[in-house]
Amino acid sequence: MRRFKHLKAVLFLAIALTLPPKCARSEVLEDRTIRAPLLASRHTAEPETYRLRMKHLHTGEAIDVAYRRGDLYLDNGTAMLNHFLRDSRTNEDAHYDVKEFDILHLLMAKLHKPQGVIEVLCGYRSPESNEYLRTLAPVTGVAENSQHMLSKAIDIRVPGVSTMHLRDVARALGMGGVGYYPRSQFVHVDVGPVRQWSFGGRRRLLVAGKRTRRRHNAHNGESG
């Protein structure tokens, strides 16, 4: 009997020695639990954040806001932009087509100014404001059915960029209407049909041996 008990104890000890210690097994499990998520995160690309930085030349307000992350438009960001781009005369908020924000974001990227500030001369325009400005049409070139009334157009400048270069880059996008206003020094960009025009510039013509000037009005009657 004593010999049997002694043999049993030897066998138990031999089996115990072949197993890893409990603490070692727990460390392995804990290590796997910690490292697995870290390994997975290396293969997960962060969605791009789209920001706009703008200053409104009529209200004096400035904004720096993220309006989109990846394919998701952010309600808070777009709401802030709609208020920022409100009609400065009636204080009525805009309801912008978000593609207009994407055009501005892409335009700044093409200008190699992703952190740059866009100066806004006009955002949303209520029908009342549009009609008032139309009474000054020979000076302003405001259209009767302006895209501004649909919250689909913004008149802009970019500090450090000539309006002619801004116009050329905007036209190259081919994403909507582009109006060039050399006298007032701004560019109109909208998400309406693809088209382009100029208003308020001057060009020289040679008539009967004399140099004269002629107003270059909006192309095809288009204006802001």
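- For the pair Glu119 and Pro159, the minimum side-chain heavy-atom distance is below 4.5 Å.
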Listing, residues 56-66 side-chain donor-acceptor contacts under 3.5 Å, not counting sequence neighbours, or none:
{"residue": "His56", "atom": "ND1", "partner": "His58", "partner atom": "N", "Å": "3.1"}
{"residue": "His58", "atom": "NE2", "partner": "Leu121", "partner atom": "O", "Å": "3.0"}
{"residue": "Thr59", "atom": "OG1", "partner": "Glu61", "partner atom": "N", "Å": "3.2"}
{"residue": "Glu61", "atom": "OE1", "partner": "Arg86", "partner atom": "NH1", "Å": "3.2"}
{"residue": "Glu61", "atom": "OE2", "partner": "Arg86", "partner atom": "NH2", "Å": "2.6"}
{"residue": "Asp64", "atom": "OD1", "partner": "Arg51", "partner atom": "NE", "Å": "3.1"}
{"residue": "Asp64", "atom": "OD1", "partner": "Arg51", "partner atom": "NH2", "Å": "3.0"}
{"residue": "Asp64", "atom": "OD2", "partner": "Arg53", "partner atom": "NE", "Å": "3.4"}

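- Judged as a side-chain hydrogen bond (donor to acceptor under 3.5 Å, both in side chains), and not counting sequence neighbours, the contacts of Asp93 are His83.
- Partner of His165 under the side-chain contact (heavy atoms from CB on, under 4.5 Å) criterion, out of Val158, Leu111, Val187: Leu111 alone.
- Using a 4.5 Å cut-off on side-chain heavy atoms (C-beta onward), Tyr180 and Met164 make contact.
- The 12-atom threshold is not exceeded at OH of Tyr132, counting heavy atoms of other residues, nucleotides or ligands nearer than 6.0 Å.
- Asp102 meets the salt bridge (Lys or Arg N to Asp or Glu O under 4.0 Å) test with Arg68; sequence neighbours excluded.
- Counting only heavy atoms from C-beta outward, the side chains of Lys152 and Val189 never approach each other to under 4.5 Å.
- In the hydrophobic clustering (ILVMFWY side chains linked at under 4.5 Å, chained through shared members), Leu72 is joined by Leu74.
- Legend: residues meeting salt bridge (Lys or Arg N to Asp or Glu O under 4.0 Å) with Arg69, ordered by chain and number and at least two apart, are absent.
- Phe84 is listed as a side-chain neighbour of Met54, based on a closest heavy-atom distance under 4.5 Å.
- By the side-chain hydrogen bond (donor to acceptor under 3.5 Å, both in side chains) test, Arg167 is found to be paired with no residue, residues two or more places apart in sequence or in another chain being considered.
- Note that CD of Glu131 and CE of Met149 are 8.5 Å apart. Values are rounded to the nearest 0.5 Å.
- Note that CD1 of Ile156 and CG of Leu104 are 5.5 Å apart. Values are rounded to the nearest 0.5 Å.
- In this structure, the side-chain hydrogen bond (donor to acceptor under 3.5 Å, both in side chains) partners of Gln185, at least two apart in sequence or on a different chain, are Thr163.
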side-chain contact (heavy atoms from CB on, under 4.5 Å) evaluation trace for His105 with Leu52: CA-CA 6 Å; His105 184 270; Leu52 284 174; 4.3 Å; yes
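- Nearest heavy atom pair, residue Met108 against residue Val117, reads CE-N, 4.1 Å.
- With rounding to the nearest 0.5 Å, the separation of CZ in Arg157 from OG in Ser184 is 8.0 Å.
- The side chain to side chain contact (heavy atoms under 4.5 Å, CB included) search around Ala153 returns Gln147, His148, His188, Asp190, not counting sequence neighbours.
- Scanning for ring-ring contact (aromatic ring centres under 6.0 Å, His included) contacts around Tyr124 gives an empty result, with sequence neighbours left out.
- Checked by atom type and distance alone, the side chain of Arg195 pairs as donor or acceptor with a backbone atom of Pro193 at under 3.5 Å.
- Inter-residue side-chain proximity for Val120 and Asp155 is flagged as unmet; no heavy-atom pair is nearer than 4.5 Å.
- The cluster map of Ile, Leu, Val, Met, Phe, Trp and Tyr, joined by side-chain heavy atoms under 4.5 Å apart, puts Ile154 and Val169 in the same cluster.
- Not counting sequence neighbours, the partners of Met175 by the side chain to side chain contact (heavy atoms under 4.5 Å, CB included) test are Ile103, Leu106, Leu173.
- How far OG1 of Thr90 is from CZ of Arg125: 12.0 Å, rounded to the nearest 0.5 Å.
- Using cut-offs of 30° and 60° for the angle between ring planes, the Phe101 and Tyr67 rings count as perpendicular.
- Lys99 is linked by a salt bridge (Lys or Arg N to Asp or Glu O under 4.0 Å) to Asp97, counting only residues two or more places apart in sequence or in another chain.
- Ser126 is linked by a side-chain hydrogen bond (donor to acceptor under 3.5 Å, both in side chains) to Asp87, Glu128, Ser129, counting only residues two or more places apart in sequence or in another chain.
- Side-chain contact between Arg134 and Asn130 is present, with heavy atoms from C-beta onward closer than 4.5 Å.
- Remark: Leu85 CG to Cys122 SG distance equals 9.5 Å, nearest 0.5 Å.
- Within the 4.5 Å cutoff, the side chain of Tyr96 has no heavy atoms near those of the Leu81 side chain.
- Tracing side-chain contacts under 4.5 Å through hydrophobic residues (I, L, V, M, F, W, Y), one never reaches Val194 starting from Phe199; they form parts of separate clusters.
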